[in-house]
Amino acid sequence: MAYFDPQDKRLKAALERFEIKAWSFSTLEMWRDSPARGLMKALDLPGDPVGVAAIVGNATEKGIELALTGTPLDAAIDLGNQMLDDYMAFEDPDDIADLTKKTAQRITTGYDKLKEYGVPKCQVKIEYQPDWSPIPILGYQDFVFEDHGLVVDCKAPGMKPSASKVDSYMRQGAIYTHNTNNKFATLAVLPDGKPRGAKAVGPRSHWFELEDAATPLEEVKHTIGAICKILTISDDPQEIAAHIIPDYAHFRLNGVVTRQSAKKLFGY
């Protein structure tokens, strides 16, 4: 349950003060995972650019999208990997070659897993305005297979997702398919490897289906309620910051620029 009536004037003023007009799923998860980073994002403080992991995820998703929508697989892989080449132009060529090889493997695996569902609609925008949130939740569904009533989100993690990461995927699915009859699944594709007990190296992936949206949706409600509570503590960001303890060992705060911004905000 949210902490506030969505029509509360204090809450409306706080959202206007921080220029927050909509939630994105990534922003909600950022607040949930690191309130310090969430407040910094709300204040639009300088941070570090996206890292290699995010670029690998984008390149993988793009390659799978192209392959599913008619681009020959080899060309789809090349176009997906072009994003990596552009990002890593000044890196060690061996590192680039290794990443592009693994990304090609991820794209191939993702395409092989999803091609049976046909040609999807890609990057379908959703806008969900629940009565328990003062502003809408926006997002993009990676792949919508209309003939199967299936929404699939694609991830490219470095290893098999942990239980807490799967919980995050299911919160995303609860939002992305709410008030629809669509099923939701997350496909996590990894570079080829040798699973435990296997005799040979082969493609690796994990498939997670949303079975019951009730609990994940309650978790999203709680997250939004907690954010609203934090933002209405004060009109002064420094006073709000006094209620949050930053963990500088956390990956969302350990970049050089981000950490400098955080120390200015939190005072130490």
Side-chain angles (χ1 to χ4, degrees), residues 1-44 123-142 144 149-155 161-186 188 208-235 237 239-241 243-247 250-253:
M1 177 178 292
Y3 286 96
F4 290 99
D5 177 344
Q7 305 304 318
D8 189 303
K9 292 182 179 179
R10 293 178 302 159
L11 180 52
K12 181 179 179 181
L15 294 171
E16 289 178 350
R17 180 168 65 251
F18 291 103
E19 299 183 354
I20 302 175
K21 298 179 180 179
W23 312 115
S24 69
F25 177 73
S26 60
T27 296
L28 293 177
E29 289 297 290
M30 177 181 289
W31 271 99
R32 184 183 182 90
D33 189 55
S34 174
R37 188 67 184 90
L39 180 59
M40 292 174 62
K41 181 175 176 60
L43 293 170
D44 199 26
Q123 297 303 309
V124 178
K125 184 177 181 179
I126 62 106
E127 181 173 341
Y128 173 32
Q129 177 60 80
D131 58 10
W132 38 263
S133 175
I135 52 178
I137 306 171
L138 305 181
Y140 289 88
Q141 299 167 328
D142 287 350
V144 180
L150 176 64
V151 175
V152 177
D153 192 79
C154 188
K155 307 292 186 186
S162 64
S164 62
K165 183 59 70 174
V166 175
D167 288 343
S168 173
Y169 299 162
M170 296 304 101
R171 286 191 289 272
Q172 185 175 19
I175 294 171
Y176 283 16
T177 58
H178 189 67
N179 286 336
T180 74
N181 292 320
N182 288 332
K183 297 175 291 185
F184 177 87
T186 297
F208 306 100
E209 293 186 2
L210 175 64
E211 297 179 354
D212 180 6
T215 296
L217 205 58
E218 282 299 317
E219 292 171 353
V220 175
K221 291 181 183 181
H222 179 80
T223 301
I224 289 177
I227 296 170
C228 293
K229 180 71 172 180
I230 290 171
L231 294 180
T232 54
I233 287 174
S234 170
D235 291 335
E239 187 174 345
I240 296 176
H243 293 267
I244 297 174
I245 301 172
D247 175 10
H250 193 282
F251 78 96
R252 291 196 188 275
L253 286 176

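Heads up: numbering here begins at 1 and tracks the sequence.
- Residues Asp153 and Tyr169 form no side-chain contact, since every pair of their non-hydrogen atoms from C-beta on lies 4.5 Å or further apart.
- Checked by atom type and distance alone, the side chain of Thr180 pairs as donor or acceptor with a backbone atom of Thr177 at under 3.5 Å.
- Between the CG atom of Leu231 and the CZ atom of Arg10 there is a distance of 12.0 Å, given to the nearest 0.5 Å.
- Evaluated for a side chain to side chain donor-acceptor pair (under 3.5 Å) with Ser168, the options Glu219, Glu29, Lys155 yield exactly one hit, Glu29.
- Residues Gln129 and Ser133 approach most closely at NE2-O, 2.9 Å, considering heavy atoms.
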Yes or no on side chain to side chain contact (heavy atoms under 4.5 Å, CB included) for Trp23 and Val220, after CA distance, side-chain angles and deciding distance? CA-CA 11 Å; Trp23 312 115; Val220 175; over 6 Å; no
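- In this structure, a donor-acceptor pair under 3.5 Å is present between the side chains of Thr27 and Ser24.
- Looking only at side-chain heavy atoms (C-beta outward), Phe184 and Leu150 stay at 4.5 Å or farther from each other.
- How far CD1 of Ile175 is from CE of Met170: 12.0 Å, rounded to the nearest 0.5 Å.
- Distance alone, capped at 3.5 Å, places no donor-acceptor pair between the Glu239 side chain and the Ile233 backbone.
- Summarising the geometry, atom OG belonging to Ser34 is positioned 7.0 Å from atom CZ belonging to Arg252; distances are rounded to the nearest 0.5 Å.
- By the 4.5 Å heavy-atom criterion applied to side chains, His250 and Asp33 are counted as neighbours.
- Separating the CE atom in Met30 from the OG1 atom in Thr223 is a distance of 13.5 Å, to the nearest 0.5 Å.
- Shortest non-hydrogen contact noted between Gly173 and Leu210 is C-CD2, 3.7 Å.
- The two residues Phe208 and Pro161 come nearest to each other via the heavy atoms CE1-CG, 3.9 Å.
- The line from CD of Gln172 to CG of Asp142 is 7.5 Å long, rounded to the nearest 0.5 Å.
- The minimum heavy-atom distance between Leu11 and Pro134, with the atom names listed, is CD2-CG, 3.6 Å.
- Shortest non-hydrogen contact noted between Leu253 and Ala36 is CD1-CB, 4.0 Å.
- Two residues are said to be in side-chain contact when any heavy atoms from C-beta on lie closer than 4.5 Å; Asn182 and Tyr176 fail this criterion.
- Residues Thr232 and Asp8 have side chains not in contact (no heavy-atom distance under 4.5 Å, counting atoms from C-beta outward).
- Scanning all heavy atoms of the two residues, the minimum distance from Ala213 to Pro216 falls at O-CD, 3.3 Å.
- Distance check: Asp247 CG to Arg37 CZ gives 14.0 Å after rounding to the nearest 0.5 Å.
- With Pro35 as reference, Ile244 is the one residue of Ile240, Ile244, Ile227 to meet the side chain to side chain contact (heavy atoms under 4.5 Å, CB included) rule.
- Counting heavy atoms from C-beta on, the side chains of Arg17 and Asp235 come closer than 4.5 Å.
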